[in-house]
Amino acid sequence: MTALPLFRRAFLDTWRSTLGWALGLAAAIFLYLPLYPSIGGSAQMQDMIDALPPEMTKALNYDQIATGPGYTQATLFGLLGFLLMTIASVSWGAAAVGGDEESGQLELTLAHGVRRVQVVLERALALLLRVVLLAAVVCVLVWLLNGPAQLGIDLGNLLGATVLFAGLALLSGTAALCVGAVTGRRTYGLAAGAAVAVLGYVFNAVGRQSKDVEWLLDVSPYHWAYGNSPVANGADWPAAAWLWAISAALVVLAAVALERRDVGA
């Protein structure tokens with residue numbers, strides 16, 4: 001009997017999309033990071049930052065981009081890379097259970113004597129592996145460009161930032177998986193995963209504007225991950241543990257919910 005059959009199927013059946021997202025992240029890295037030597041730390045760059053409204057500068061974390069680590073944090077980990085990783089993770093998470101149930105494939109799978117808990121756990125494991133692989137690709141490529149692009153990033157800080165990067169994307173993906181398992185609807189899973197990412201980003205942006213709304217930072221997963229500017233200053237490991245622990249709890253909740261409800265109802 002093949003070990004982890006649902007995991008193997010879920011992972012192998014999506015290798016093309018995993019490769020596609022890896023290429024997209026690589027394109028973003030090679031688009032942004034090699035530009036740093038020509039613009040980073042220059043008077044023109046500082047003039048551009050000064051010309052932007054302070055609120056926009058804070059919202060986009062552009063107050064950090066005069067340094068190599070800050071530039072990498074703001075443009076890649078905090079913006080385009082975050083967007084691409086989130087879309088990938090949410091789409092996979094929403095399809096893992098909710099998408100299968102909508103298409104009728106889940107009932108067929110369960111008819112083969114597969115336990116519902118097994119479905120959730122093995123597909124969550126496939127989601128985890130794909131997210132970790134994409135994060136590893138980002139880490140390796142950033143490190144390869146660290147010298148040529150004169151970024152000055154410490155390897156330990158990069159590794160810590162990568163753990164947070166993966167954890168933040170996985171949180172949205174497991175939220176999508178959980179809601180898909182609870183409702184049996186892929187659309188609801190997509191909405192939930194997107195809400196976690198978008199609200200986290202918005203709460204971080206708004207919370208940085210004024211002390212009156214600074215409390216929003218406490219409920220922003222985006223701020224938990226990046227509030228310490230990990231590429232420049234190293235990872236906030238308690239925040240990393242919190243992100244990964246919530247993802248694990250969402251998977252458990254998904255397994256319990258699927259076990260207790262009627263499928264296809």
Verdict with reasoning, L129 to L125, per side chain to side chain contact (heavy atoms under 4.5 Å, CB included): CA-CA 6 Å; L129 181 56; L125 182 60; 5.8 Å; no

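- The CD atom of E122 sits 4.5 Å away from the CG atom of L4 when rounded to the nearest 0.5 Å.
- Annotation for V120 and A254: closest pair CG1-CB, 3.9 Å, computed over non-hydrogen atoms.
- In this structure, L144 is a member of the same hydrophobic cluster as L76, with clusters built from ILVMFWY side-chain heavy atoms closer than 4.5 Å.
- Here the side chain of S89 pairs no donor or acceptor atom with the backbone of M85 at under 3.5 angstrom.
- Counting only heavy atoms from C-beta outward, the side chains of L151 and W143 never approach each other to under 4.5 Å.
- In this structure, W21 is a member of the same hydrophobic cluster as L12, with clusters built from ILVMFWY side-chain heavy atoms closer than 4.5 Å.
- Residues P230 and N157 form no side-chain contact, since every pair of their non-hydrogen atoms from C-beta on lies 4.5 Å or further apart.
- Proximity of a side-chain donor or acceptor of Y222 to a complementary backbone N or O of N204 within less than 3.5 Å is not detected.
- Of the possible polar contacts, one joining the Y71 side chain to the Y32 backbone as a donor-acceptor pair under 3.5 Å is found.
- The structure places CG of L170 at 11.0 Å from CD1 of I246, a figure rounded to the nearest 0.5 Å.
- T109 contributes a side-chain N or O that, together with a main-chain N or O of Q105, makes up a donor-acceptor pair within less than 3.5 Å.
- For W242, the CH2 atom is loosely surrounded, since the number of other residues' heavy atoms within 6.0 Å does not exceed 12.
- A heavy-atom distance below 4.5 Å is not found between the side chains of L250 and L177.
- Test R186, R123, R185 against D100 for salt bridge (Lys or Arg N to Asp or Glu O under 4.0 Å) and you get one pass: R123.
- Evaluation of the salt bridge (charged side-chain N to carboxylate O under 4.0 Å, His left out) test over residues 153-167, restricted to residues two or more places apart or in two chains, returns none.
- With contacts defined as side-chain heavy-atom distances shorter than 4.5 Å, the pair V119/L110 qualifies.
- Contact between L253 and C178 at its shortest, heavy atoms only, is CD2-SG, 3.6 Å.
- Between the side chain of D236 and the backbone N or O of A225, no donor-acceptor pair lies under 3.5 Å.
- To the nearest 0.5 Å, atoms CZ (R8) and CG (D13) are separated by 11.5 Å.
- Here F30 contributes atom CZ and L141 contributes atom CG; the two are 5.0 Å apart, rounded to the nearest 0.5 Å.
- A distance-only check finds no donor-acceptor pair linking the side chain of E214 to the backbone of S210 [under 3.5 Å].
- Atom CG of N146 sits about 7.5 Å away from atom CG of L158, to the nearest 0.5 Å.
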CA sep, side-chain torsions, deciding dist, call: L168, Y226, side chain to side chain contact (heavy atoms under 4.5 Å, CB included): CA-CA 9 Å; L168 184 59; Y226 296 147; 3.7 Å; yes

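- Nearest approach of Y36 to G68, heavy atoms of both residues: OH-N, 3.0 Å.
- No donor-acceptor pair closer than 3.5 Å links the side chain of S229 to the backbone N or O of A232.
- Contact record, A192 with A175: CB-O, 4.1 Å, taken as the closest heavy-atom pair.
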List the steps, then state whether side chain to side chain donor-acceptor pair (under 3.5 Å) holds for W92 with S17. CA-CA 10 Å; W92 289 329; S17 71; 3.1 Å; yes

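- Closest non-hydrogen pair, L171 versus T174, comes out as O-OG1, 3.1 Å.
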For V182 and Y188, what are the C-alpha separation, side-chain angles and deciding distance, and is it a side chain to side chain contact (heavy atoms under 4.5 Å, CB included)? CA-CA 9 Å; V182 169; Y188 294 162; over 6 Å; no

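- The shortest side-chain heavy-atom distance between F11 and L127 does not fall under the 4.5 Å cut-off.
- A distance of 11.0 Å separates CG in L79 from CD in Q73, rounded to the nearest 0.5 Å.
- With R9 contributing its side chain and P5 its backbone, the two residues share no donor-acceptor pair below 3.5 Å.
- Taking all atoms of both residues into account, the shortest heavy-atom contact from A197 to F82 is O-CZ, 3.9 Å.
- Transitive grouping of hydrophobic side chains (ILVMFWY, heavy atoms separated by less than 4.5 Å) brings W224 and L164 into a common cluster.
- Under the 4.5 Å side-chain criterion, counting only non-hydrogen atoms from C-beta, L19 is not in contact with R16.
- Hydrophobic cluster membership is shared by F77 and V131, with clusters built from Ile, Leu, Val, Met, Phe, Trp and Tyr side chains linked at under 4.5 angstrom.
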Using side chain to side chain contact (heavy atoms under 4.5 Å, CB included), reason through T162 and V138 one step at a time and then give a plain yes or no. CA-CA 8 Å; T162 302; V138 170; 5.7 Å; no

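- Inter-residue side-chain proximity for I87 and L83 is flagged as met; some heavy-atom pair is nearer than 4.5 Å.
- By the 4.5 Å heavy-atom criterion applied to side chains, V213 and R208 are not counted as neighbours.
- Hydrophobic clustering of Ile, Leu, Val, Met, Phe, Trp and Tyr side chains at less than 4.5 Å, counting indirect connections, keeps L84 apart from L190.
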